[in-house]
Protein chains: 2
Amino acid sequence: MSNRDDIVSKLKASGVTPTTQRVEIAQILFARPQHLSAEQILKMVNQESSSTASKATIYNTLGLFAKKGLVKEVIVDPSKVFYDSNVSKHFHFYNIDSGELTDIPADAIHIDKLPNLPQGTESSGLEVIVRIKNS
Amino acid sequence: MSNRDDIVSKLKASGVTPTTQRVEIAQILFARPQHLSAEQILKMVNQESSSTASKATIYNTLGLFAKKGLVKEVIVDPSKVFYDSNVSKHFHFYNIDSGELTDIPADAIHIDKLPNLPQGTESSGLEVIVRIKNS
DNA sequence: TTATCCTGTTAGACAAAGTCTAGAAAACAA
DNA sequence: TTGTTTTCTAGACTTTGTCTAACAGGATAA
């Protein structure tokens with residue numbers, strides 16, 4: 001998933017026009033399963049990459065990727081959103097001391113009872129976060 | 001839990017000196033089980049209450065209450081932290097369209113398998129958030 | 001009573017994430 | 001080529017939250 005053509009195909013397959021900036025951002029995100037904040041990606045694009053992208057483009061692009069299901073927003077840190085390049089079902093450990101976010105495989109948690117949703121609503125995702133601290 | 005003396009006792013029982021501002025904030029929070037943001041509480045204190053409190057005091061106080069286990073921080077909205085006056089075990093629905101946060105009783109969700117924690121860490125809370133949208 | 005301490009409160013400056021706007025640049029179609 | 005649409009950009013702006021340095025007020029000691 002790291003070569004440019006694969007990234008371009010992936011974007012097209014999700015209905016995202018593969019512009020220079022979007023491909024740059026996608027290449028960073030999809031290099032491996034990881035959790036990055038918008039500001040981290042902004043720095044990475046403007047250091048590691050050949051081309052650059054503005055703050056507005058980073059935010060717009062991440063919002064677009066999230067809407068198209070290419071990445072998943074993870075809200076565990078009150079100060080910033082993480083974008084998870086792994087969109088398959090899984091959960092998270094969040095270390096409140098280090099700020100580190102790590103994956104819990106889907107099969108490591110089993111939920112055998114869930115509530116009915118409120119009238120007039122539908123599910124948009126189930127999140128399980130195990131907050132941990134250094135002992 | 002709404003009269004002043006009960007609030008004062010509650011604070012003392014948690015090792016919190018019951019100052020004027022803290023009691024004001026606690027009275028608002030513990031009037032009923034609810035989810036309020038710091039900015040909401042700031043407005044409420046300076047409108048509804050006899051006394052007032054500054055922004056810094058609101059944030060300091062909510063941080064103190066959270067540390068003492070009087071309230072629980074709920075992180076579901078990327079733009080603000082909610083303070084939950086119900087600290088007993090329960091989970092949350094979060095409506096991404098309305099921003100509304102509602103409770104799921106503890107017994108409506110059953111988790112029968114949980115992962116081992118990473119080496120050198122201990123649990124600091126299990127969160128389950130069911131994100132919903134209007135259908 | 002007065003001085004001293006300690007805790008808590010305050011205004012306002014500051015920081016950081018994220019949004020918005022208006023114009024420039026690409027991309028594309030005719 | 002020209003016109004139209006989409007994307008990108010700088011930078012102003014907003015909001016939540018933090019920090020600092022001064023101040024207030026109660027308890028205590030002399």
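Per the geometry, NZ belonging to Lys12(A) stands 14 Å off P belonging to dA27(C), to the nearest Å. Across the protein-nucleic acid pair, Asp77(B) atom CG and dG17(D) atom C1' stand 14 Å apart, rounded to whole Å. The NZ atom of Lys67(B) sits 14 Å away from the C1' atom of dG8(C) (whole-angstrom rounding). Whole-Å rounding puts the Lys80(A) NZ to dG18(C) C1' distance at 13 Å. Residue Ile58(A) contributes atom CD1, which lies 17 Å from atom C1' of dC20(C) at whole-angstrom precision. Regarding Glu24(A), its CD atom lies at a distance of 16 Å from the P atom of dA26(C), rounded to whole Å. Whole-Å rounding puts the Leu36(A) CG to dG18(C) P distance at 13 Å. Rounded to whole angstrom, the span from the OH atom of Tyr83(A) across to the C1' atom of dA17(C) amounts to 10 Å.
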> Can Asp103(A) and His35(A) be said to form a side-chain hydrogen bond (donor to acceptor under 3.5 Å, both in side chains), step by step?
Replying inline: CA-CA 10 Å; Asp103(A) 286 353; His35(A) 314 103; 2.9 Å; yes
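A salt bridge links Arg131(B) with Glu127(A): at least one charged nitrogen is closer than 4.0 Å to a carboxylate oxygen.
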> Can you give one letter per nucleotide of nucleotides 4-11 of chain D, going 5' to 3': B for a protein heavy atom under 4.0 Å from the base, S for sugar-phosphate only, - for none?
Replying inline: ---SSBB-
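Atoms CD1 and CD, from Ile7(B) and Glu24(B) in turn, are 10.5 Å apart once rounded to the nearest 0.5 Å.
For the pair Lys10(B) and Phe30(B), the cation-pi test (distance below 6.0 Å, angle within 45°) is passed.
Clustering of Ile, Leu, Val, Met, Phe, Trp and Tyr by side-chain heavy atoms under 4.5 Å joins Ile132(B) with Phe91(A), Phe93(A), Ile104(A), Ile109(A), Ile111(A), Leu114(A), Leu117(A), Leu126(A), Val128(A), Val130(A), Ile132(A), Phe91(B), Phe93(B), Ile104(B), Ile109(B), Ile111(B), Leu114(B), Leu117(B), Leu126(B), Val128(B), Val130(B).
The minimum heavy-atom distance linking Ala53(A) with Ile58(A) is given by the pair CB-CD1, 4.0 Å.
In terms of phosphate contacts, Tyr59(B) brings a side-chain nitrogen or oxygen within less than 4.0 Å of OP1 or OP2 of dG17(D).
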